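Report on one structure; see the data block that follows.
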Amino acid sequence: MVTKLHLYNSWTRSLEPFVPLEAQKVGVYACGPTVYDYAHIGNFRFNVWVDVMRRVLEWNGYEVKLVMNITDVDDKTIAGATRLKQSLGDYTARYTEAFFDDLCRLRIAPAEHYPRATEHIDEMVKLVERLKARGLAYEQDGSIYFRVERFPDYGKLSRLDPRHLRSTGRIEGDAYDKENIRDFALWKGAKEGEPSWDTRIGLGRPGWHLECSAMSMKYLGETFDIHVGGVDLMFPHHENEIAQSVGATGNSLAQFWLHCDHLIVNGTKMSKSLGNQYTLKQLLDEGHDPVAIRYLLASVHYRKQLNFTYEGLGQANAAVARLRELVLRLEKCTEGLPSEGSGEGKAALQRADEGFRETIADDLNTSGALGHMFSLVKATNAALDCGNLASGEATAILAWFHDVDRIWALLPREQQLVERTIEIKGAVLEAIGIPISDDDFELVTARMQARADRDFVAADRLRDRLLKRGISLEDTAKGVRWHVDVSGRSG
RNA sequence: GGCGGCGUGGCCAAGUGGUAAGGCAGAGGUCUGCAAAACCUCCAUCCCGAGUUCGAGUCUCGGCGCCGCCUCCA
């Protein structure tokens with residue numbers, strides 16, 4: 001059964017079957033960060049979504065080429081570097097590295113290219129020259145602007161009628177003179193104290209939108225499959241990108257435009273003045289599991305606003321634990337299962353698989369797909385409890401969870417369990433969990449001994465003591481399992 | 001003012017016009033020395049009003065509420 005992937009195209013405002021330009025290959029351009037500060041969880045909502053999208057594409061058999069720009073020169077990076085009396089490169093390197101570290105913590109698969117704006121000045125210059133040759137760009141006081149009037153499709157993506165654009169104080173504050181208020185800067189003339197490049201189009205630096213057009217063209221060609229970004233970038237950034245690219249080449253820029261909605265915090269937009277701009281580091285320092293954060297960010301459909309709360313993060317954490325619990329259970333018990341079952345396991349697997357494929361293919365409906373996945377968690381647990389699950393079914397179900405985890409990336413990456421068997425009063429018991437200190441392990445074994453001696457007062461005391469050290473115990477028929485309530489260490 | 005989105009149980013959140021997935025939390029039960037984990041049972045009629053329809057959370061219209069964009073912004 002093949003379910004065709006459909007994506008909601010912002011360009012047409014409709015759900016369309018996804019067909020790449022080149023069979024089985026997909027080129028994706030994602031508007032990346034401007035590295036003037038640490039990224040906040042809103043940025044990571046976007047990045048987790050892009051990651052899920054690329055993984056769904058791969059899961060569907062496509063070869064993905066993802067390009068994400070790093071904007072390392074603009075008003076804010078220049079202002080930041082100036083404030084700290086640092087070179088622009090030193091200033092942006094710090095935030096660029098921090099960004100990559102965070103992506104890694106969130107298990108985001110790296111893009112194929114992370115082009116920097118400052119390393120593509122030449123490509124941008126060439127693009128401006130093409131635009132000038134077509135009469136779409138003009139120079140004024142050392143800066144170069146795009147002539148919006150000459151690009152009739154301007155406003156088509158965002159469906160904003162340029163004539164109705166309300167002028168705000170910000171425009172009036174623009175220090176550059178232009179023919180028309182709507183025109184935007186392609187190249188900003190050099191200013192005292194600002195970094196600049198001496199090029200064929202003059203001494204200066206690139207405007208904000210130019211790098212995306214130049215770099216997508218370089219790495220993905222003039223027309224590519226999917227362009228993604230945050231909703232707020234639709235206007236003016238993407239509109240300007242289209243004007244620059246299509247204006248220069250005459251070809252359409254992207255087949256599909258996908259826009260991710262914002263993350264809000266406690267019902268309101270994040271802003272520095274409200275002090276609700278969480279960074280990933282902050283959440284990790286507070287002891288939250290990056291995988292739970294990933295789950296939370298991925299669990300709401302990308303076209304809906306996601307309201308970030310600590311309560312939600314706690315719920316995400318519990319959901320991930322439930323999933324891992326079942327997978328661990330399957331890994332541990334396959335050999336002890338009957339060869340024949342009731343068939344319920346097989347049926348549940350098929351239901352989940354079909355539902356999952358259909359749902360995730362429907363514009364990346366992650367919450368719906370997770371629903372199907374958890375239905376299988378429940379059915380599997382139930383079958384195991386009843387002794388109804390055949391070993392073949394268990395193997396197939398386990399393989400399925402690992403397969404869909406190629407999309408979610410929530411499961412432990414490698415076997416991190418320490419297993420030790422201990423003989424107490426002639427009974428062989430196992431102790432199992434992720435690595436803990438020898439001291440803690442001694443407490444675990446001491447408690448096992450106390451239980452075997454039926455000294456429950458001592459056993460409970462030891463259990464409490466471990467709990468205070470962040471280790472919770474779970475007595476099973478075979479022995480004891482411990483859980484370390486870590487923070488940020490489940491990777 | 002222009003453009004767009006959202007409003008489903010205590011919280012989060014799916015849902016092709018046919019009588020409400022899933023997760024978290026809660027209550028009761030099974031299991032357990034007690035717990036934990038797991039399982040079983042229970043827990044909504046979908047912001048309001050009108051309309052279309054044999055039938056609407058799902059379509060239309062009108063309200064109410066919340067949010068986003070309109071040249072910093074993922």
Side-chain angles (χ1 to χ4, degrees), chain A residues 10 13 30-34 36 39-47 49-50 74-76 79 155 158-168 170-171 173-174 181-185 208-209 228-237 239-240 259-264 267-271 295-296 299-301 303-307 309 311-323 325-326 328-329 355 358-359 362 365-378 380-386 451 454-457 459-460 463 467 472-477 480-481 483:
Chain A
S10 307
R13 305 275 166 117
C31 284
T34 299
Y36 68 100
H40 53 65
I41 46 170
N43 299 112
F44 293 118
R45 194 254 171 124
F46 172 71
N47 283 96
W49 165 63
V50 172
D74 82 315
D75 295 352
K76 281 180 293 192
S158 55
R159 312 218 165 163
L160 288 175
D161 184 340
R163 288 168 305 183
H164 289 159
L165 295 187
R166 193 192 221 182
S167 104
T168 69
R170 283 177 279 186
I171 298 182
D174 197 322
I181 197 87
R182 288 149 44 200
D183 293 349
F184 59 91
W208 171 37
H209 319 287
V228 298
V231 277
D232 55 315
L233 293 184
M234 196 181 274
F235 186 90
H237 183 62
E239 212 66 77
N240 292 356
H259 289 93
C260 183
D261 210 326
H262 278 307
L263 174 146
I264 57 178
T268 55
K269 189 178 174 172
M270 275 192 294
S271 76
Y295 177 92
L296 177 63
S299 65
V300 176
H301 186 82
R303 283 196 284 119
K304 267 189 87 171
Q305 277 184 345
L306 189 160
N307 186 19
T309 61
E311 189 185 0
L313 186 50
Q315 293 178 0
N317 196 56
V320 171
R322 178 168 165 80
L323 172 66
E325 199 67 48
L326 183 264
L328 181 64
R329 190 178 182 191
E358 200 173 303
T359 309
D362 180 15
N365 182 348
T366 49
S367 15
L370 287 169
H372 289 290
M373 187 179 82
F374 277 104
S375 295
L376 183 59
V377 169
K378 184 171 193 157
T380 305
N381 268 319
L384 280 165
D385 276 8
C386 302
R451 281 192 76 222
R454 302 195 67 78
D455 181 356
F456 298 120
V457 176
D460 288 351
R463 184 168 63 189
L467 192 60
S472 56
L473 299 181
E474 193 175 303
D475 300 319
T476 73
V480 63
R481 282 177 52 195
H483 296 270

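Below, chain A is the first sequence line, B the second, and so on; all start at residue 1. Keep in mind the model is a prediction, meaning the values are calculated, not measured.
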Counterpart residues, side chain to side chain contact (heavy atoms under 4.5 Å, CB included), relative to R13(A) (two or more places apart): Y8(A), R159(A), M234(A)

Touch class at under 4.0 angstrom, heavy-atom based, for L384(A) against every strand present: nothing

Please produce a list of atom pairs where a protein N or O lies less than 3.5 Å from an N or O of nucleotides 35-38 of chain B.
| from | atom 1 | to | atom 2 | distance (Å) |
| --- | --- | --- | --- | --- |
| A35(B) | N6 | D475(A) | O | 3.0 |
| A35(B) | N1 | D475(A) | N | 2.8 |
| A35(B) | N1 | D475(A) | OD2 | 3.4 |
| A35(B) | N3 | R463(A) | NH1 | 3.1 |
| A38(B) | O3' | N381(A) | ND2 | 3.2 |
| A38(B) | O2' | R329(A) | NH1 | 3.3 |
| A38(B) | O2' | D385(A) | OD1 | 3.2 |
| A38(B) | O2' | D385(A) | OD2 | 2.7 |

What are the atom names and distances for every N/O pair under 3.5 Å that joins the protein to nucleotides 43-47 of chain B?
none

Contacts of type side-chain hydrogen bond (donor to acceptor under 3.5 Å, both in side chains), residue H259(A), not counting sequence neighbours: S10(A), H238(A)

Sugar-phosphate, base or nothing in reach of G371(A), heavy atoms under 4.0 Å: base

Closest listed nucleotide, where the reference is the side chain of D460(A) and the choices are G33(B), A74(B), C70(B): G33(B)

Any N/O donor-acceptor pair, D232(A) side-chain to G68(B) base, under 3.5 Å: no

For T366(A), side chain to side chain contact (heavy atoms under 4.5 Å, CB included) partners two or more places apart: V52(A), I360(A), W408(A)

Touch class at under 4.0 angstrom, heavy-atom based, for N317(A) against every strand present: nothing

Between A25(B) and C61(B) - P atom distance, rounded Å: 41 Å

Parallel, tilted or perpendicular: ring planes of W208(A) versus H237(A), cut at 30 and 60 degrees: parallel

Side chain of R454(A) - closest among G33(B), G22(B), G4(B): G33(B)

Proximal nucleotide (of C72(B), C24(B), U71(B)) relative to the A318(A) side chain: C24(B)

Grab the N/O contacts between the protein and nucleotides 9-13 of chain B below 3.5 Å, and write none if there aren't any.
| from | atom 1 | to | atom 2 | distance (Å) |
| --- | --- | --- | --- | --- |
| C11(B) | O2' | E311(A) | OE1 | 3.4 |
| C11(B) | O2 | Q315(A) | OE1 | 3.3 |
| C11(B) | O2 | Q315(A) | NE2 | 2.9 |

Sugar-phosphate only, base, or nothing, as touched by F456(A) at under 4.0 Å among non-hydrogen atoms: base

